[in-house]
Amino acid sequence: MTGRAVVTGGTGGIGLETAAGLAAAGYEVTVVGRDPARGERALDRLGPAARFLAADLVSLASVRALAGEVAAGGPVRVLVTNAGAMFDDRRLGPDGVEATFALNHLSPYLLTQLLLPRLREGAPARVVTVTSGSVRLGSRRFDAAEAPGGYHGLHVYGRAKLAHLVHTLDLAQRLRGTGVSVFAADPGGAVTDMTSGTMRSSRVVAPWLRPFWPLVLRAFQRTTGGTAAEAARSSIIAATDPALDGRTGLTLGRDGTPISPPRGATSPKLARAVRLLSEQLAPLEGH
Ligand SMILES: NC(=O)c1ccc[n+]([C@@H]2O[C@H](COP(=O)([O-])OP(=O)(O)OC[C@H]3O[C@@H](n4cnc5c(N)ncnc54)[C@H](OP(=O)(O)O)[C@@H]3O)[C@@H](O)[C@H]2O)c1
């Protein structure tokens, strides 16, 4: 199966390695990132069939513009929503939504919804979302963009990743029978810009966890010590492995085999809360 593949955050880190795997498998890959110079360097590696599109995925207007550009190119076989980040300090995106939630959940939610017609045209097609072990640290309250209790970067990131995992597994069920399969891929961890630039201070964890900061840091360093190429394996398998043909709604671990999603990720109650919040903050119509 080949055709057009889109990888957000495909100009560096795990996303670039994922894009390289898809290009090697014969896909015409479009990589998305903010920095055109980085985009050019990615294209040098990915070959002549690859394309770069610039978008700042913290901005929903930018997501909408990106979806329009991708949709103009015709059917999509593979969409990997890989772009993600954790921020030390609270910041708002241009839509007034906390940036971690905007980038790690709302943006891939909206992009996927807007590209569904093109994915259906590309069927059999696959959507792959990139999850994280940090989902276990996230609050499960989804009645607003931010949960009460203050800003602690790792927990806020974990909550946004949990929202997106809940959405991913819910979407997989809703798309059953359409030819569009949906998978979550857990990369484990890797040394990348993201992991090198975060976890610099115990302020990123909640006060109850700070006495254990040295242990938290050691566990983080141990799990994020691998290469981006190794971490891309689960996304590449989710996007391309023929053994997954006809399957959907799986979470794949670092080695690309199915794992049980964490507690709560398949809760219908959480799925409904995440869906309502997403529809409210990133409406599909009227823009
Ligand atoms: N690294 C790990 O240990 C680890 C562990 C678990 C999960 N993950 C997940 O894996 C995914 C990739 O992470 P990574 O470690 O490879 O990160 P990374 O190296 O920091 O990601 C870099 C890519 O994302 C793009 N990007 C960042 N912010 C963006 C924005 N606002 N708009 C558009 N593109 C943006 C970057 O391009 P520009 O800078 O040019 O925009 C670049 O292409 C994320 O979803 C992350 O949550 C990573």
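Both ligands and their constituent atoms are indexed starting at 1 by order of listing. Being a predicted model, the structure only gives us computed values, none of them experimental. Basis for what follows: all heavy atoms, side chains included, without hydrogens, waters or symmetry-related copies.
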Using a 4.0 Å heavy-atom cut-off, which part of [X] comes near ligand 1: side chain, backbone, both, or neither?
X	result
Lys161	side chain
Thr223	neither
Ile14	both

Does Glu17 come within less than 4.0 Å of Arg233, counting only side-chain N to carboxylate O?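 Looking at Glu17 and Arg233, the cut-off is not met.
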Looking at Arg200 and Asp88, does any basic side-chain N land under 4.0 Å from a carboxylate oxygen?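 Counted as a salt bridge, because a side-chain N and a carboxylate O are separated by less than 4.0 Å.
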Between [X] and ligand 1, does any nitrogen or oxygen pair lie at a separation below 3.5 Å?
X	answer
Gly189	no
Gly12	yes
Gly33	no
Val130	no
Ser132	no
Thr224	no

Identify, for [atom], the protein heavy atom at the shortest distance, and state residue, atom and that distance.
atom	answer
atom 29 (C) of ligand 1	Arg34 NE, 3.5 Å
atom 17 (O) of ligand 1	Met194 CB, 3.6 Å
atom 40 (O) of ligand 1	Asp35 N, 3.0 Å

Protein non-hydrogen atoms only, distance under 4.0 Å: does atom 21 (O) of ligand 1 have such a neighbour?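 So atom 21 (O) of ligand 1 lacks protein heavy-atom neighbours under 4.0 Å.
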Relative to the heavy atoms of [X], which atoms of ligand 1 are at a distance of less than 4.0 Å?
X	answer
Gly10	43 (O)
Thr195	1 (N), 2 (C), 3 (O)
Gly13	16 (O), 19 (O)

Which atom names give the shortest non-hydrogen contact between Arg159 and Ser139, and what distance separates them?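 That would be CG-O, 3.4 Å.
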Can you find a non-hydrogen atom of [X] under 4.0 Å from ligand 1?
X	value
Ala190	yes
Thr131	yes
Ala228	no
Gly188	yes

Using 30° and 60° as the class limits, which term best fits the ring planes of His155 and His152: parallel, tilted or perpendicular?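 Geometry flag for His152 against His155: perpendicular rings.
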Can you list everything that forms a salt bridge (charged side-chain N to carboxylate O under 4.0 Å, His left out) with Asp170? Sequence neighbours excluded, please.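 For Asp170 the salt bridge (charged side-chain N to carboxylate O under 4.0 Å, His left out) partners, ignoring immediate neighbours, are Arg174, Arg275.
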